[in-house]
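Working notes for the structure below.
Any value given below was found using the heavy atoms of this structure, including those in side chains, with hydrogens, waters and symmetry copies removed.
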Amino acid sequence: MSTKPFPLLFSPLQLGSITLPNRILMGSMHLGLEEVPGGMERLAAFYAERVRGGVGLIVTGGISPNDEGRLTAGAAVLDSAEEAERHRVLTSAVHAEGGRIAMQLLHAGRYAAHPGLVAPSPIQAPISPLTPRELSDAEVEQTIDDFVRAAELAREAGYDGVEIMGSEGYLINQFVAARTNERSDRWGGDFERRAAFPVEIVRRIREATGPDFVIIYRLSMFDLVPGGSTQEEVEALAILVEAAGASLINTGIGWHEARVPTIAGSVPRGAFAWVTRRLMGIVGIPLVTTNRINTPEVAEQLLADGCADMVSLARPFLADPRFVAKAEAGESRRINTCIGCNQACLDHTFSGRPVSCLVNPRAGHETELVIGPALERKRIAVVGSGPAGLACATTAGERGHDVTLFEADERIGGQLNLAVRVPGKGEFFETMRYFGVRLEETGVKLRLGHRVTAEELAAGGFAEIVVATGVHPRVPEVPGIDGANVVGYVDALRGAPVGARVAIMGSGAIGFDVAEALLHAGPGLELEPPRDPDADPGAIGEFLRDWGVDPETSGANGPGRPDIAPPPRSIVMLQRKAGKPGAGLGKTTGWIHRAELAKRGVQMIPGASYLGIDPAGMTIAVEGAEQRLDVDTVVLCAGQEPARELADELMGLGIAAHVIGGADVAAELDAKRAIDQGTRLAARI
């Protein structure tokens, strides 16, 4: 019997003439560096660090085979020898570290955000304001030629293979699905003709690149939109692309226009691995499963359950470049776990900004955010163990400084301890676990339950003092705000009694979090760790029912009617400013939060003036008209103020201090900015 911690995960896999050292694929992520000056060198450093961390096979972000297929007007394309030469810095960096790398070829089709977009049929995507032009027969042939030429150029650039992006609703997927292919020529009509486009791409690439070039086909196994592929069509296409020459089939779940979350933190770990398992045994080449696999324990279990031959992890390698090495050494507790927040990765991608990671701000910044040994060892005090303080203290400790971390509470985490009480945010448990390990590893002296004073810090002989004391909830001036039926969001999340009829004052991120927590809880809120499929088999079924996903039909027909238990409360959310409530939520996750509340009947009232609160409820005015809200409890989610008292006291003593996190800027609870700020400060002091 193997003594390896994860024997299946770390068994080799043969792909033609290439032997992969493990069953972990670093899935495709577009980092937004491909198009910026100096970006290829930054990307090379990013990939090289992941190979040093144990990754055996990397798939790049999507590169278009021609101009029409670009996601945006300035996006990367591979259509010339000159472009191929630019990629040699990436392949050389990966190969120098002993790794393998494949380029993803992605044609956006009707998802392209530029005027030249094309598609099988001129059908506008519901998430785009643009209508595509229909490709002619000759243009379809030319597009296939462009894919082949791009694959040849990728091989010349040193890539070990390509991944053909045939899922997520991009061009190839658009040809396959009846929803987006209304053609009546040889590229449309019945399934065989709709499948001809991807099959020809695979066949001709294999013919042009030879037997040893790795061809991964990203197959949409569960479209989650009406008019998508049936299970029979998915199986048939898998057989066809294998026969055409694919080396590996990767799993795609859901089109971008699908209204079911697939990778956010609210999705249970491994929630869609069963989709890949349905294809096991249908084809003879290895299958890869994906989506919300963020720990080696989950990955190993999915392999043991026969869900796939290999697992794809993308964002976990943003969070921790040494994920593989730590897992192989049996040190998974040291892994900085991806929490599925999307805030610095996908939200950045769809906002045109370079990608990074909330829990690891070095991701994508390896050449610029260098954390090396300190030139001079200093005594440093960090006050507050929220995200900013933890990042600062552990980074400073890593650099060799003598760090003391003061925390008034009896545990680390600050307001992360509130976040974990919100449905879908339990992964922050992993962040606190990781920082707890880091405190031990970096030798930080932790003083819990100690509210340090300015005088104590002044007498402590510290060369640097960092104030990361967080925020105070803002209390607006409203008559009756001090009533017994008014509860602050901190107390509400900690389990203070909240009635059956609730008004929430404030519809920012905190208001949405509190609403979701109250809709899923009884009188008090209990801490719930992340739900693993092996530890909680019901989590995935509950999630699928909650979003109306029927495993037998939803892949082709889209989600049905959600099966939701009656919520324990009725909630109305109030917002002072006009406009859509929750407008500041994450670009790729805001719709999920709004949908969750809408399904449970939450009423949202923007443009509300708060006239007063009394024991029987509250009175508001909307467009000058008074409204009465008969509620049992009013929950305050009206923002925060920086907790700067300690910083001000130090200033009064003539002592300069660094102020970071919420104590610096209290705009919403921003763990991304806090961790980045704390890390960067520690990297330079």
Side-chain angles (χ1 to χ4, degrees), residues 415 417-423 425 470-526 566-585 593-594 596-641 643 662 666-669:
Q415 298 218 11
N417 289 296
L418 299 179
V420 294
R421 299 171 183 264
V422 177
K425 293 195 173 182
V471 299
H472 298 305
R474 180 183 297 125
V475 179
E477 294 185 5
V478 177
I481 199 75
D482 56 351
N485 59 336
V486 180
V487 178
Y489 72 85
V490 172
D491 291 331
L493 289 174
R494 284 178 174 168
V498 175
R501 300 172 302 167
V502 181
I504 295 177
M505 293 174 60
S507 62
I510 295 173
F512 272 77
D513 282 351
V514 169
E516 289 197 45
L518 293 176
L519 287 169
H520 288 81
L525 301 177
E526 299 298 326
R569 295 177 173 86
S570 64
I571 296 177
V572 57
M573 291 184 68
L574 306 172
Q575 175 177 287
R576 276 181 163 167
K577 62 184 178 183
K580 181 171 67 175
L585 297 174
H593 300 303
R594 284 187 285 269
E596 285 278 19
L597 300 193
K599 286 186 297 185
R600 291 168 173 81
V602 173
Q603 181 185 4
M604 299 188 184
I605 302 178
S609 299
Y610 309 141
L611 302 183
I613 302 170
D614 58 66
M618 67 181 300
T619 304
I620 63 173
V622 179
E623 296 182 350
E626 287 193 12
Q627 293 186 24
R628 179 67 187 171
L629 302 177
D630 296 322
V631 295
D632 305 306
T633 308
V634 176
V635 181
L636 300 182
C637 301
Q640 305 81 35
E641 302 287 350
E668 290 293 347
L669 297 181

[X]: side chain to side chain contact (heavy atoms under 4.5 Å, CB included) partners, not counting sequence neighbours:
X    : result
V490 : L418, P473, R494
V422 : K425, L493, D513
V475 : I481, L636
P423 : E516, A517, H520

Discussion item. So does L585 get a backbone contact from the side chain of R594, meaning a donor-acceptor N/O pair under 3.5 Å?
Written reply: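 Side chain of R594 to backbone of L585: no pair is present.
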Worksheet item: Side chain of T633, backbone of V502: donor and acceptor closer than 3.5 Å?
Response: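 Absent.
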Minimum heavy-atom separation for [X] to [Y], with atom names?
X    : Y    : answer
V487 : A496 : CG1-CB, 4.1 Å
G480 : V486 : O-CG2, 3.7 Å
V634 : M505 : CG1-SD, 3.5 Å
A492 : V635 : CB-CG1, 4.1 Å
P568 : L518 : CG-O, 3.6 Å
V420 : N417 : CG2-O, 3.4 Å

Does [X] have any side chain to side chain donor-acceptor pair (under 3.5 Å) partners at least two apart in sequence or in another chain, and if so, which?
X    : value
D614 : R628
E641 : R474
R501 : D632

Discussion item. Which residue is it: I510, V602, V514? I am looking for the one with a side chain to side chain contact (heavy atoms under 4.5 Å, CB included) to I504.
Written reply: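 That would be V514; it is the only one of I510, V602, V514 passing the side chain to side chain contact (heavy atoms under 4.5 Å, CB included) with I504.
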Discussion item. Using 0.5 Å steps for rounding, measure from the CD1 atom of I571 to the CG atom of L519.
Written reply: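 Nearest 0.5 Å value for the CD1-CG distance: 3.5 Å.
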Practice prompt. Measure the CG-CD1 distance between L629 and I620 for me, rounded to the nearest 0.5 Å.
Written response: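 One finds 4.5 Å between CG of L629 and CD1 of I620.
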Worksheet entry | Heavy-atom check, side chain of Q627 versus side chain of I605, under 4.5 Å |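 Yes. Closest side-chain heavy atoms under 4.5 Å.
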Practice prompt. Could I get the full list of salt bridge (Lys or Arg N to Asp or Glu O under 4.0 Å) partners for R600, not counting sequence neighbours?
Written response: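 Counting only residues at least two positions away or on another chain, R600 forms a salt bridge (Lys or Arg N to Asp or Glu O under 4.0 Å) with D546, E596.
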Discussion item. Run the salt bridge (Lys or Arg N to Asp or Glu O under 4.0 Å) test against D482 and tell me which residues pass, sequence neighbours left out.
Written reply: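 Applying salt bridge (Lys or Arg N to Asp or Glu O under 4.0 Å) to D482 gives none.
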Name the atoms and distances for all side-chain donor-acceptor pairs under 3.5 Å in residues 572-582, with sequence neighbours left out.
| residue | atom | partner | partner atom | Å |
| --- | --- | --- | --- | --- |
| Q575 | OE1 | S507 | OG | 2.5 |
| Q575 | NE2 | K577 | O | 2.9 |
| Q575 | NE2 | G579 | O | 3.3 |

